[in-house]
Amino acid sequence: EVLSFTAVATDSDVPVQTLTYSMEAPALANPMSLDDETGAFNWTPTEAQAGSIFDVTITATDNGINPSNLFASETFSGK
């Protein structure tokens, strides 16, 4: 079955700045997908992945003056 959800982040800065979403490389290898503009996550596990625990870290990054300091991450675990 497909696992899908949308990661949501907010930024209260004025003027409003753009947020982008990303995942760490291990999640991409599983293969999980994340729309970098909308935060839409999708993954269809294979039969070989059944019973294993997988972690995915999703990061939302602000495009402000110093984006390397303007981010928040959340890690999800599931099987």
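Start at 1 with the first residue, then count along the sequence. In this text the structure is predicted, and so the values were computed from the model without any measurement.
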From Phe41 atom CZ to Ser4 atom OG, the distance as rounded to the nearest 0.5 Å: 9.0 Å

Val56 and Thr75: side chain to side chain contact (heavy atoms under 4.5 Å, CB included), yes or no, with the steps? CA-CA 6 Å; Val56 58; Thr75 300; over 6 Å; no

OG1 on Thr61 to CG on Leu19, rounded to 0.5 Å: 8.5 Å

Are the side chains of Trp43 and Gln49 in touch, meaning some heavy atoms are under 4.5 Å apart? yes

Reported CD-to-CD1 distance for the pair Glu74 and Ile58, which is rounded to 0.5 angstrom: 9.0 Å

Asp55 side chain to Ser77 side chain, donor-acceptor N/O pair below 3.5 angstrom: yes

Under 30°, 30 to 60°, or over 60°: which ring-plane class applies to Phe5 and Phe76, parallel, tilted or perpendicular? tilted

Under the 3.5 angstrom rule, does the side chain of Asn63 hit a backbone N or O of Thr18 as a donor-acceptor pair? yes

Check for a donor-acceptor pair, side chain of Tyr21 on one end and backbone N or O of Thr6 on the other, with a separation under 3.5 Å. no

Return the CG to OG1 distance between Asp36 and Thr20, rounded to the nearest 0.5 Å. 6.5 Å

What closest approach, in Å, do Met23 and Met32 show between heavy atoms, and which atom pair accounts for it? CE-O, 3.5 Å

Between Thr59 and Ser73, what is the shortest heavy-atom contact and its length? OG1-OG, 2.6 Å

